[in-house]
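Input: a single structure, listed below in structure tokens.
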Amino acid sequence: MYDFRIEAGDTATLYRDLTSALEGLVAGEPDAIANMANAAALIFETLPDVNWVGFYRNVGGELVLGPFQGRPACIRIPFGQGVCGAAAATRQVQRVDDIHAFPGHIACDAASNSELVVPIVRDGELVVVLDIDSPKKARFTPEDEAGCLKLADILARVL
Ligand code: SME
């Protein structure tokens with residue numbers, strides 16, 4: 001049984017604990033689906049004020065839904081469309097304070113108001129994007145972005 005209960009008082013400690021928990025969860029496991037599933041569950045359980053955490057995989061130049069926690073979501077997203085598609089096309093983190101103001105945003109859960117999408121690249125190829133949604137406007141800070149980039153570094157090795 002895994003019992004990662006992370007209750008850090010500050011964001012830096014939260015991401016430090018989350019990073020080491022993720023490292024432990026994926027250590028020695030080569031199966032990408034298992035690793036994405038556990039990563040989504042761990043992040044969803046740990047971060048406050050999130051309503052969707054999951055992955056979209058690069059399948060032949062199109063984003064296709066992968067393991068996630070939250071409400072059922074749209075399955076296919078073309079590169080360049082919405083927040084996830086922008087992250088895939090530009091390979092830049094998308095940290096969006098108000099997704100309703102984002103051109104082409106794809107609404108999967110009406111409760112979502114802000115979003116952080118981190119592209120995960122290995123050997124020059126986009127492998128997946130990690131998508132985190134929150135019902136709170138401007139939920140994600142530069143500290144969240146830096147923390148999630150560390151999570152992405154770990155995942156890049158095991159996806
Ligand atoms: N809102 C996303 C779509 C994915 S869902 O949030 C799970 C977007 O515009 O890319």
Side-chain angles (χ1 to χ4, degrees), residues 4 6 11 14-15 18-19 21-22 25-26 31-159:
F4 296 108
I6 299 170
T11 308
L14 181 83
Y15 278 102
L18 184 53
T19 304
L22 182 64
L25 258 183
V26 301
D31 189 276
I33 292 177
N35 287 333
M36 283 188 272
N38 258 343
L42 177 71
I43 298 166
F44 187 78
E45 288 268 295
T46 304
L47 293 185
D49 301 316
V50 298
N51 59 325
W52 201 93
V53 176
F55 295 89
Y56 280 91
R57 300 164 296 131
N58 177 5
V59 180
E62 182 181 33
L63 292 175
V64 182
L65 184 64
F68 68 94
Q69 298 276 311
R71 301 188 74 179
C74 59
I75 297 169
R76 291 175 187 270
I77 301 176
F79 275 34
Q81 200 173 310
V83 186
C84 291
T90 62
R91 296 181 176 198
Q92 301 290 313
V93 174
Q94 303 293 309
R95 188 163 56 83
V96 181
D97 286 345
D98 177 5
I99 53 170
H100 305 290
F102 191 93
H105 160 249
I106 303 158
C108 288
D109 182 343
S112 297
N113 279 308
S114 62
E115 185 161 355
L116 180 65
V117 184
V118 182
I120 299 182
V121 175
R122 189 181 54 232
D123 299 332
E125 294 287 319
L126 179 90
V127 186
V128 297
V129 299
L130 167 62
D131 181 17
I132 308 179
D133 288 14
S134 171
K136 272 176 88 173
K137 274 202 179 146
R139 155 70 183 79
F140 302 102
T141 64
E143 225 177 342
D144 287 293
E145 182 174 332
C148 288
L149 279 166
K150 287 201 181 112
L151 302 178
D153 278 349
I154 296 165
L155 291 168
R157 290 182 245 128
V158 293
L159 298 186

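Just so you know, ligand 1 is whichever comes first in the structure, and atom 1 is the first atom listed for that ligand. Position 1 is the first residue of the sequence, and the numbers go up from there.
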Query raised in the report: Below 4.5 Å, heavy atoms only, C-beta onward: do Leu47 and Val53 meet side chain to side chain?
Result: no
Query - ligand 1: protein residues within heavy-atom distance under 4.0 Å - result: Trp52, Tyr56, Ala73, Ile77, Gly82, Val83, Cys84, His105, Ile106, Cys108, Glu115, Asp131, Asp133
Query raised in the report: Does the side chain of Leu151 come within less than 4.5 Å of Thr19's, by heavy atoms?
Result: yes
Query - Side-chain heavy-atom pair Leu65, Tyr56 within 4.5 angstrom cut-off - result: yes
Requested in this report: Go through the side-chain N and O atoms of Asp144 and Thr11 and say whether any donor and acceptor fall under 3.5 Å apart.
Outcome: no
Requested in this report: Please work out which of the three classes, parallel, tilted or perpendicular, describes the rings of Trp52 and Phe68, given edges at 30° and 60°.
Outcome: parallel
Query raised in the report: Is any side-chain heavy atom of Leu155 closer than 4.5 Å to a side-chain heavy atom of Leu22?
Result: yes
